[in-house]
Amino acid sequence: MSKVIAFDVGGTNSRVALIEDGNIIARDEAATPSKDGPQVLVERLTDLFHPYAAIDAPIGVAITGHIVDGRVTAHNPNLLPGWQDFPLRAALGKAFGKTVQVVNDARAAAWGEYLHGSGHGCDEFLFVTVSTGVGAGLVLNRRLHLARNGFDAELGEMKTADGVTLEELASGSALSRSAALHAYGDAKSLCDAADHGDVRAEALLQHGITEVAKKLADLAVMLGIQRVAIGGGLGLRPGYLERLQRTMMTYPLIYRYEVVRAELGHDAGLYGVAALAQSEP
Ligand code: BMX
């Protein structure tokens with residue numbers, strides 16, 4: 001029986017799972033102590049690891065951030081403040097007493113969706129998470145694209161016509177800011193208002209969606225993607241995908257491709273990082 005211990009660390013929650021023969025057989029989660037710096041997160045992950053410590057299995061950690069050689073930098077400091085070139089692989093290796101693989105969370109989720117979910121049957125596949133941040137993972141010619149410098153699908157860092165990044169306009173955090181600014185309270189209330197026909201709320205929500213759609217259109221002609229799956233807290237909210245699909249339908253045919261809902265929900269990163277950890281020599 002093949003076992004893997006997988007972690008998925010997002011800006012809000014950290015999850016751990018024991019995966020056996022491709023199925024999650026045990027899991028746990030805790031809030032990510034995102035504001036407390038890397039050392040506190042290492043301690044939190046070590047607590048989550050404790051029940052599994054005696055199991056002899058590869059360990060994979062998917063985490064939000066830019067990753068080079070197991071070192072993590074948060075380009076979006078709102079997600080993980082204080083993370084600059086932090087040697088997470090080495091720190092967890094020391095804390096766990098075992099070898100650990102570290103991968104970007106969205107890249108892991110893309111690989112999970114490709115192997116076990118919405119990416120099935122594609123040669124070129126894109127996964128996009130619209131969540132606290134905006135992240136992505138690319139499968140090209142049936143392989144997860146991983147660049148040596150870690151910029152292998154940092155979609156949230158791409159510039160918009162306004163000169164700011166996509167993440168600054170289209171993430172869940174951006175929508176929360178916009179909701180507070182326009183007296184909707186939080187992002188959920190803004191989305192609820194939009195769903196109930198509030199024209200101003202609809203325009204604010206659609207603004208970010210249009211920016212995501214433009215990037216997806218550019219990537220269609222750049223990389224020949226056949227299908228994109230949308231995940232993440234905001235991306236999985238009912239109505240988000242339909243708005244994105246409607247926007248893409250207004251573009252000429254060459255910019256359009258299948259836009260679907262990610263199938264594995266919040267488990268995509270766990271499955272993906274498990275597969276990556278298992279394939280490491
Ligand atoms: C940000 C960036 C990406 C990440 C994406 C989604 C940081 C810390 N993260 O663009 O590396 O994949 O957010 O992250 O700079 P999530 O936490 O919202 O899932």
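Computed from a prediction, not measured in an experiment: that's the story for all the values here. By convention here, the first residue in the shown sequence is residue 1. Just follow the structure's listing: the first ligand is 1, and inside any ligand the first atom is 1.
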- Does G11, backbone or side chain, put an N or O under 3.5 Å from an N or O of ligand 1? yes
- In terms of residue, atom name and distance, what is the protein heavy atom nearest to atom 1 (C) of ligand 1? E167 OE2, 3.0 Å
- Task: Considering the heavy atoms of G133, write down every atom of ligand 1 situated less than 4.0 Å from one of them.
- Result: 13 (O), 18 (O)
- Does G156, backbone or side chain, put an N or O under 3.5 Å from an N or O of ligand 1? no
- Query: Ion pair present between D218 and K214, side-chain N to carboxylate O less than 4.0 angstrom?
  - Reply: no
- Item | Between S189 and D192: side-chain donor-acceptor atoms closer than 3.5 Å | no
- Does L236 offer a backbone N or O that forms a donor-acceptor pair with the side chain of R261 under 3.5 Å? yes
- Query: What atoms of ligand 1 come within less than 4.0 Å of a heavy atom belonging to A74?
  - Reply: 8 (C), 15 (O)
- Which ligand 1 atoms does T132 reach within 4.0 Å, using its non-hydrogen atoms? 18 (O)
- So, does E154 sit close enough to ligand 1 that a heavy atom of it is under 4.0 Å from the ligand? yes
- Query: So which of V128, I63, L79 gets nearest to atom 13 (O) of ligand 1, if we judge by its closest heavy atom?
  - Reply: L79
- Item | Nearest-neighbour protein heavy atom for atom 9 (N) of ligand 1, which is reported as residue plus atom name and distance | T64 OG1, 3.0 Å
- Is there a donor-acceptor pair under 3.5 Å between the side chain of E167 and the backbone N or O of G133? no
- Item | Aromatic ring pairing Y114/W111, orientation class (parallel under 30°, perpendicular over 60°, tilted between) | parallel
- Query: How far is atom 19 (O) of ligand 1 from its nearest protein heavy atom, and which residue and atom is that?
  - Reply: D105 OD2, 2.9 Å
- Message: Using a strict threshold of under 4.0 Å (side-chain N to carboxylate O), is an ion pair present between R237 and E242?
- Response: no
- How does V134 reach ligand 1, by side chain, by backbone, by both or by neither, if only non-hydrogen atoms under 4.0 Å count? backbone
- State plainly whether the residues R44 and D36 are in salt-bridge range, i.e. N to O under 4.0 Å. no
- Would you say H75 has any N or O atom under 3.5 Å from an N or O of ligand 1, going by distance alone? yes
- Ignoring hydrogens and angles, state whether a donor on the side chain of T210 or Q206 is under 3.5 Å from an acceptor on the partner side chain. yes
